[in-house]
Amino acid sequence: MADARNIRQHLEALLDAAVRAAVVAHDLPDVPVPGSAIERPKDAANGDFASSLPLRLARAAMKPPIAIAEVIAGHIAADPAIDPPTVAPPGFINLRLSNAFLQSQVEQVIALGPGYADLTLGKGKKAQVEFVSANPTGPLHVGNGRGAAIGDALASGLAAAGYETEREYYVNDAGTQTDTFGDTLYARYQQLFGRDVEIPKDGYPGSYMAVLAREIKDEAGDAFLRPAGEFGPPELNTRGIEVMVEHIRDTLEHFGVRYDRWFSERSLYDPGGAYSEAMDLLAANGQLVEREGARWFTSSELGEDKDNVVVRSDGRPTYYGSDIAYHFDKFVRREFDLVIDVWGADHHGHVSRLKTATQAVGADREALQVLLYQLVTLKRGGEIVRLSKRSGEIITLDELIDEVGADAARFFFLLRSPGAQMEFDLDLAKKQSNENPVFYVQYAHARLAGILRHGAEQGLTPEGGDVSLLTQPHELALIREMMRLTEVIQLVATTYEPQHLPHYAMSLATAFHALNDAFKQQNDSSLKTITDDAEMSRARLRLVQAAKISLARVLGLMGMSAPERMERAEAAIEA
RNA sequence: GCGGCUGUAGCUCAGUGGAUAGAGCAUCUGUCUUCGGAACAGAGGGUCGGGGGUUCGAAUCCCUCCAGCCGUACCA
């Protein structure tokens, strides 16, 4: 039987069969038929699904589209999932789901639970989403939060689509930034012992470095101190990175993000690590050359603008060299079928050459997807602040979570498509008012929970409810909206665009709020969920139960909580 | 210079070949001692940056121009 997960394919099959039948009956010339004929009409008045196939066939078939539509519609077999098809100018075939089918979906959602809309399109495939991966040279800032929200939701979406999914953080604990970090840390550390030392030029001026130095002094005393004028010990650097990574991990856990793996860049250079193997492979392919004292990957022969250095003239690998090894590890060693790297847009110059290198070490170019998100502009008190870790003036993700809450921050980050520059209005996100859409969605869930509680107090539960009693337009509209989740999951998992989740969540919440208030609007208390009619009440509670499952699922995919009740903490005070 | 992203309602943004271009906020009008009103119903508001082209059909695809952001390192 058809359900939310396969209704589209079911209708396509019905349509295909109708076209074939029309051809066999000589009602339609035997012309090539374009695929994927089922669409979603924008206007609900045109049905739940529609086909523009007649418009596309008109030329080849040499008949008016409307006539073709009539012919095909006439050959569509009767099906319990749909009402008889209708035809609309200039040549659409409109399909409407039957009430009986919609009602049955309430039972289906309850029977299948939170996974009712999950797909199998990624079944048997391993996917990895790598995100945030900020240098552990400072605390995460607001921009990293956007990457975290996007990457985490994307991973959830892929998992819902059937992929075996891992979340990974790439820890850049090697390289020049790390050295600069170490130098700055040692300067701050020495300052704590009264030495008049300046922070290196191009160092990290932020006060958090002084805090970090203090932390390390507290735990290790002067163990890292060297005679004046000498360099600091590498162990200080290592410890500094460790502590920073711990802080980053705490921040992300606060944000509700949990990684399956924290992958150390340094580990690439361990004996048996991916670096030497990947470089050997490129060398064996004749794709490495020595030039100007450095080692270059001859990427221009593979279509890149230019060759790129992988090992500097001083013998240290570049970031590019590391990344080649890292992606060799992902694809060749760990055999991921799909890898999504979520990066800030300022890295976009790196995308093409990394894909090329990935290809050179034997992976499919398209198996690596790089999702770029544009940088976040912060607005506070009408003032626009650009984010920069190096300026020292940053607003951290921790501060954002404290002020706004993790749920609201995530929702705002997800709402914008990754490619769009976004303005994050701190004052707005902080508001606990109806200007803030996150409360709208969560409130809908709390209301659903409230109705179930209210019913239970009167001895009414969803058990035994007869869904065939659900015939009100608002009730059926809510079921239609619940069914759409599967399309949203598919969209997220195939386009890697998580912004569809919050938009869907809002329309699902709207469908419920509208249902919930219909009795007031129509001034008819028999439309309430809990009425004098116990049978009717049980049927509606069943719908409420299913809707709650649905909304909780979307909130879960976005990494947000689904509250059973709302706290109105400060709203009254501010008012 | 070259390359990438972006340009849609007053604001923030969805919509990536279909029917009258949507949402939230803001503005205005109703509902209103609520199965929790952080709600619902409705209204006004658009030359989809400009100009060409492809198509039965374009916000969507192609070309071109304009504006903003980013990149074009032996930084990451």
Side-chain angles (χ1 to χ4, degrees), chain A residues 39 41-43 45-46 50-52 55-56 58-59 65 88-92 94 133-135 137 172 175-178 180 202 292-296 305-306 308-314 316-323 343-352 372-375 377 379 412 415-425 428 432-440 442-444 446-447 449-455 457-458 460 495 497 499-500 502-503 506-507 509-510 513-523 525 528-531 537 540-541 544 565-566 568 571:
Chain A
E39 303 154 10
K42 258 179 266 180
D43 188 342
N46 291 320
S51 175
S52 60
L55 289 162
R56 295 184 231 200
R59 175 172 282 191
F92 289 99
N94 293 334
S133 299
N135 281 343
T137 53
N172 297 110
T176 33
Q177 301 284 345
T178 309
T180 309
D202 304 323
E292 299 157 29
R295 185 169 300 159
W296 300 67
D305 292 347
K306 57 186 195 64
N308 288 284
V309 173
V310 290
V311 183
R312 297 182 182 89
S313 47
D314 64 6
R316 294 180 311 150
T318 60
Y319 170 79
Y320 185 45
S322 284
D323 236 11
W343 295 347
D346 53 337
H347 289 65
H348 83 79
H350 189 57
V351 174
S352 179
L372 298 173
Y373 62 90
Q374 294 290 328
L375 302 184
T377 309
K379 209 164 115 184
F412 273 101
L415 202 51
R416 311 304 176 218
S417 74
Q421 294 169 37
M422 77 169 278
E423 198 168 275
F424 199 110
D425 188 333
L428 172 67
Q432 296 208 348
S433 75
N434 58 0
E435 288 170 58
N436 200 334
V438 64
F439 294 109
Y440 179 84
Q442 291 187 316
Y443 173 55
R447 254 183 145 179
I451 292 170
L452 288 170
R453 280 195 301 270
H454 180 80
E457 283 164 13
Q458 310 192 17
L460 290 167
T495 64
E497 292 176 345
Q499 75 271 18
H500 301 294
H503 285 277
M506 284 202 279
S507 43
T510 296
H513 282 309
L515 165 63
N516 200 49
D517 282 24
F519 82 93
K520 293 179 207 165
Q521 199 59 35
Q522 295 172 31
N523 198 18
S525 65
K528 286 180 160 191
T529 303
I530 312 287
T531 72
S537 300
R540 287 179 177 155
L541 283 169
V544 166
R565 4 173 85 88
M566 296 295 274
R568 309 198 57 155

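In the text below, chain A, chain B and the rest are named by the order of the sequence lines, each starting its count at 1.
For C74(B), the OP1/OP2 oxygens have no side-chain nitrogen or oxygen of Tyr320(A) closer than 4.0 Å. Taking only side-chain nitrogens and oxygens, His500(A) comes nearer than 4.0 Å to OP1 or OP2 of G15(B). Distances shorter than 4.0 Å separate none of the side-chain N or O atoms of Gln421(A) from OP1 or OP2 on G7(B). When the side-chain nitrogen and oxygen atoms of Lys520(A) are compared with OP1 and OP2 of U34(B), none of them lie within a distance under 4.0 Å. Within the structure, every side-chain polar atom (N or O) of Ser352(A) is placed at least 4.0 Å from both OP1 and OP2 of G3(B). Applying the 4.0 Å criterion to OP1 and OP2 of A76(B), one finds that Thr176(A) has a side-chain N or O inside that range.
Using modelled atom types and a 3.5 Å distance limit, the side chains of Thr510(A) and Tyr440(A) yield a donor-acceptor pair.
Residue Arg56(A) has its side chain nearest to G18(B) when only G18(B), C74(B), A76(B) are considered. Ranking A76(B), U72(B), C13(B) by closeness to the Arg312(A) side chain, first place goes to A76(B). With distances taken from any side-chain atom of Tyr440(A) to the nucleotides U55(B), C75(B), A39(B), the minimum falls on A39(B).
Each of Leu55(A) and Asp346(A) was matched to the nucleotide of RNA chain B holding its nearest heavy atom; the match closer to the 5' end belongs to Leu55(A). Summary of the strand contacts: Asp314(A) and Thr529(A) both lie near RNA chain B, and taking for each the nucleotide with the nearest heavy atom, the more 5' one is attributed to Thr529(A).
Only the C1' atoms considered, A43(B) is 37 Å distant from C61(B), to the nearest whole Å. Rounded to whole Å, the separation between the P atoms of G22(B) and U64(B) comes to 32 Å. Rounded to whole Å, the C1' atom of U20(B) lies 38 Å from the corresponding atom of G36(B). Distance noted for atom P between C11(B) and G50(B): 15 Å (whole Å). Remark: the separation of the C1' atoms in G18(B) and A59(B) is 13 Å, to the nearest Å. Remark: the separation of the P atoms in A21(B) and U47(B) is 13 Å, to the nearest Å. Taking atom C1' in both G49(B) and G57(B), the straight-line distance is 23 Å, to the nearest Å. G17(B) and C56(B) have their C1' atoms separated by 12 Å, given to the nearest Å.
If you check distances only, the side chain of His503(A) never reaches the base of G15(B) with a donor-acceptor pair under 3.5 Å. Between the side chain of His348(A) and the base of C70(B), a donor-acceptor pair under 3.5 Å is found. If you check distances only, the side chain of Asp43(A) never reaches the base of A21(B) with a donor-acceptor pair under 3.5 Å.
At whole-Å resolution of the value, CE in Met422(A) and P in C69(B) are 19 Å apart.
Residue-nucleotide stacking is present for Phe92(A) and A19(B), judged by a side-chain ring centre under 5.5 Å from the six-membered base ring centre and planes under 30° apart.
As the counterpart of G71(B), C2(B) is assigned, both hydrogen-bonding distances of the Watson-Crick or G-U wobble pattern falling under 3.5 Å. Across all strands shown, G24(B) pairs with C11(B); the Watson-Crick or G-U wobble distances both stay below 3.5 Å.
The two atoms that bring Lys528(A) and Phe519(A) nearest to each other are CE-CE1, 3.2 Å, heavy atoms only. Closest non-hydrogen pair, Pro90(A) versus Phe92(A), comes out as CD-CE1, 3.6 Å.
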